[in-house]
Amino acid sequence: MEKIVILTGAGISAESGLSTFRDEGGLWAQHRIEDVATPEAFARNPALVQGFYNARRVQAAQVQPNAAHQALAQLQRDWPGEVVIVTQNVDSLHEAGGASGVIHMHGILSGALCAACGHRWTAPPEMAPDEPCPACNAPSGRPDIVWFGEMPYHMEDIFDHLTTASIFAAIGTSGEVYPAAAFVHEAQAAGAHTIEINLEPTGGGFDERLLGKATETVPRWVDRLLMAKT
Ligand code: APR
């Protein structure tokens, strides 16, 4: 049965009220990446970095999944084959919308990681600059987020999925950041039909594109797939 692999980006959570990164007024218009999203930034100014993620963690806890998140969960439930969601997002809106097995390649806001011993735990709403690790007690708790210059998580699993996909969809991502931006080429090389779902084309060489707001285009795309299967 056809396997569907979906990559999502900040655009799928935009209509839930979470800022994207590169749109007008996005997060990278408000903060410099090198000040808040690199290991060097954390070493230099842990209070600023923890503050940046504390604000995002608190905001993410206040918003709801939207029709696009819910449509992907329905696709997972009703599609006869495997549906794998890989997300660059660090919010938990896919899970809140009913999705399962979501692969968070850039980590997750609700996760904390000890920079000293590697222990992981559920992050408190606000993390201190010297957040103690519950396992080794070092004041080295950091957000379990993949920063620029660090290796994204689960890359082997992701490439296994890309090379066995019949359909690959990229939803709400600008295709500016690698390795995620290359997933469409991996999937295409393995023979997948590729579709981009976004407000506007990003020029990634997709076979097909569906333009508009995710809360309209994603449910339409899911309905079209499920109708074709009945
Ligand atoms: N519906 C559909 N697409 C949307 C919507 C919407 N309502 N709003 C915005 N978009 C699209 C934009 O057109 C853009 O292509 O979402 C994309 C958002 O792009 P970015 O802000 O670059 O977000 P993303 O692609 O997820 O960034 C990738 O970069 O900074 C790093 O780690 C960060 O995971 C992030 C990665």
Side-chain angles (χ1 to χ4, degrees), residues 5-42 49 52-53 55-57 59-60 63-72 75 85-94 97 102-111 113 142-155 158 168-185 194-206 208-222:
V5 176
I6 298 160
L7 170 70
T8 64
I12 200 169
S13 296
E15 290 162 86
S16 292
L18 292 182
S19 303
T20 64
F21 293 95
R22 294 172 183 82
D23 289 325
E24 193 68 28
L27 283 170
W28 298 148
Q30 302 160 42
H31 307 273
R32 289 172 357 126
I33 287 173
E34 54 272 31
D35 290 343
V36 293
T38 66
E40 296 76 16
F42 186 61
V49 173
F52 174 64
Y53 288 98
R56 292 179 63 195
R57 190 176 299 109
Q59 193 197 21
V63 298
Q64 300 300 321
N66 61 52
H69 298 107
Q70 288 157 349
L72 294 186
L75 184 63
I85 298 172
V86 179
T87 189
Q88 299 171 91
N89 299 340
V90 293
D91 62 58
S92 303
L93 291 175
H94 280 301
V102 179
I103 299 175
H104 284 269
M105 65 180 288
H106 288 167
I108 193 157
L109 273 173
S110 59
L113 167 68
R142 57 167 276 184
D144 190 7
I145 299 271
V146 176
W147 283 326
F148 285 86
E150 296 183 323
M151 266 303 286
Y153 296 150
H154 312 299
M155 289 309 294
I158 293 169
F168 172 79
I171 303 175
T173 180
S174 60
E176 302 261 329
V177 173
Y178 285 82
F183 289 177
V184 56
H185 308 131
T194 60
I195 178 169
E196 168 160 66
I197 301 178
N198 199 309
L199 286 178
E200 71 232 349
T202 62
F206 290 82
E208 187 186 356
R209 54 179 54 93
L210 205 47
L211 299 184
K213 294 166 75 169
T215 53
E216 291 154 19
T217 50
V218 178
R220 194 173 342 133
W221 176 61
V222 168

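Positions are given from 1 along the sequence. Below, all heavy atoms of this structure are taken into account, side chains as well, without hydrogens, waters or symmetry copies. In listed order, ligands and their atoms are each counted from 1.
D35 meets the side-chain contact (heavy atoms from CB on, under 4.5 Å) test with R32, R44, L48; sequence neighbours excluded. Here Q30 pairs with nothing under the side chain to side chain donor-acceptor pair (under 3.5 Å) rule; sequence neighbours left out. Under the ring-ring contact (aromatic ring centres under 6.0 Å, His included) criterion, H154 pairs with no residue, sequence neighbours left out.
Below 30°, between 30° and 60°, or above 60°: for F21 and W28 the angle between ring planes is between 30° and 60°, a tilted geometry.
Protein residues with a heavy atom under 4.0 Å from ligand 1 are G9, A10, G11, A14, E15, T20, F21, R22, D23, W28, Q88, H106, F148, G172, T173, S174, V177, N198, L199, E200, G212, K213, A214.
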>> Assess the residue pair H31 and F52 against the criterion (ring-ring contact (aromatic ring centres under 6.0 Å, His included)); give the C-alpha distance rounded to whole Å, side-chain angles, the decisive distance to 0.1 Å, and a yes or no.
In response: CA-CA 9 Å; H31 307 273; F52 174 64; 4.6 Å; yes

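Looking at every heavy atom in both residues, L7 comes nearest to M105 through CD1-SD, 4.3 Å.
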